[in-house]
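Basis for what follows: all heavy atoms, side chains included, without hydrogens, waters or symmetry-related copies. Below, chains carry the letters A, B, ... as their sequence lines are ordered, and counting in each starts from 1.
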Amino acid sequence: MGIKGLMKFLQDAAPKAIREIDSQQAYTGRLMAIDASMCLYQFMIMIRENRSGSYQNLTNAEGQETSHIVGMLSRTIRLMENGIKPVYVFDGKPPELKLGELAARRQKREQAEANLQAAVEAGNAEEVLKSTKMTTRVTKEHNEQTKTLLGLMGVPVVDAPSEAEATCAALCRDGKVYAAATEDADCLTFGTKVLVRNLMAAESQKKQILEVSLERALEQLNISMDQFIDFCILSGCDYCDTLKGVGPSTAIKLLMQHGTIEKVIEEL
DNA sequence: ACTCTGCCTCTAGACGCG
DNA sequence: TGAGGCAGAGT
DNA sequence: CGCGTCC
């Protein structure tokens, strides 16, 4: 989804908007919105075992995949042990503007399936793993099973009408949660007041938890929220074609000069 | 010099044991 | 899918 | 840290 390089741009142009957090403990007692669909995708990809050259997910006695259950359970327990109250948001219908991209993705997956067959026959373990990951998909059943699990654990679940990221942002904007825990900077464009990066990765990997404040970013860039949205569109998003030769730096200059995206377009 | 682009790469959970 | 690194082109 | 297990 990506406004590419948005995080990097903020680090350069609005460093005061970004705060380093010591540990998850800082969020004890806080509600945090999390994109469940994104988590499940990662669990399905990563939680595997190598059985004689093929990389299979964990399964129950009936052969149903359980990797997403194991992943979600252990992760959620860890959050709760730190006093964090997660709110998991599930994807709804994809926005129409993304239908083209989804079709392209389906084609890639078909390609990957062919790759997988070839790699298995060639005995290329690395290529098998790579293709296996590219053919991995989160199904409706995975989502439903996970919702059941979270329900039994007493963890709230939200069904997004469309993109989960947008709903995470809305929950934060409306004060229902303290922050959105995501790696996707687009959440800021959707109005997230506080965005937390690397919340999960921090302990197991060597990554710093970073907290981005939308308010302070706007302050330091000296623009309004509407202008920030215009800035993101000008910088290039995947809802529309990009302007050749315009990246974050040029976009912010043009906006400072003309005020709104409409006036910028007029000038071009 | 600065900026954007394209292309390449790697990477992506959590835990415990030794 | 993203995100970072690097070479190259346009300004 | 590297490696195996989780089902």
Checklist outcome for this item: Of the listed dA14(B), dC7(D), dG13(B), the closest approach to the Met46(A) side chain comes from dG13(B)

Checklist entry - Can you check the Tyr55(A) OH to dG13(B) C1' distance for me, whole Å? => result 17 Å

Item to check | Separation between the C1' atoms of dA3(C) and dA14(B), rounded to whole Å | outcome: 23 Å

Item to check | Ser74(A), nearest nucleotide to its side chain (from dA14(B), dA3(C), dC6(D)) | outcome: dA14(B)

Checklist outcome for this item: Leu40(A) atom CG is separated from dA12(B) atom P, nearest whole Å, by 18 Å

Item to check | dA12(B) and dC1(D), which share atom name P, separated by this distance in whole Å | outcome: 14 Å

Checklist outcome for this item: Tightest non-hydrogen contact, residues Met44(A) and Ser67(A), listed as SD-CB, 4.4 Å

Checklist entry - Touch check for Lys8(A), heavy atoms < 4.0 angstrom, all strands: base, sugar-phosphate only, or nothing? => result nothing

Checklist entry - CZ of Phe9(A) versus C1' of dT3(B): gap in Å, rounded? => result 13 Å

Checklist entry - Which value, in whole Å, describes the distance between the P atoms of nucleotides dT11(B) and dG2(D)? => result 13 Å

Checklist entry - Which base sits across from dT11(B) as a Watson-Crick or G-U pair, both distances under 3.5 Å? => result none

Next on the checklist: For a quick check of understanding: with a heavy-atom distance under 4.0 Å over all strands, which category does Ile47(A) fall into, base, sugar-phosphate or nothing?
Outcome noted: base

Next on the checklist: With hydrogens left out and only the distance checked, is there a donor-acceptor pair under 3.5 Å joining Glu49(A)'s side chain and the base of dC7(D)?
Outcome noted: yes

Checklist entry - Side chain of Ser162(A), backbone of Pro94(A): donor and acceptor closer than 3.5 Å? => result no

Checklist entry - If you check every side-chain atom of Arg75(A), which of dA12(B), dG13(B), dT1(C) has the closest atom? => result dG13(B)

Item to check | Tyr88(A)-Thr76(A) side chain donor-acceptor pair, cut-off 3.5 Å | outcome: yes

Item to check | Whole angstrom value for the distance that separates C1' of dT1(C) from NZ of Lys130(A) | outcome: 14 Å

Checklist entry - Which part of the nucleic acid, if any, lies within reach of Gly71(A) when heavy atoms closer than 4.0 Å are counted: base, sugar-phosphate only, or nothing? => result nothing

Next on the checklist: Please report the distance, rounded to the nearest Å, between CD in Gln42(A) and P in dA14(B).
Outcome noted: 9 Å

Checklist entry - Choosing from dT1(C), dA14(B), dA3(C), which nucleotide comes nearest the side chain of Arg105(A)? => result dT1(C)

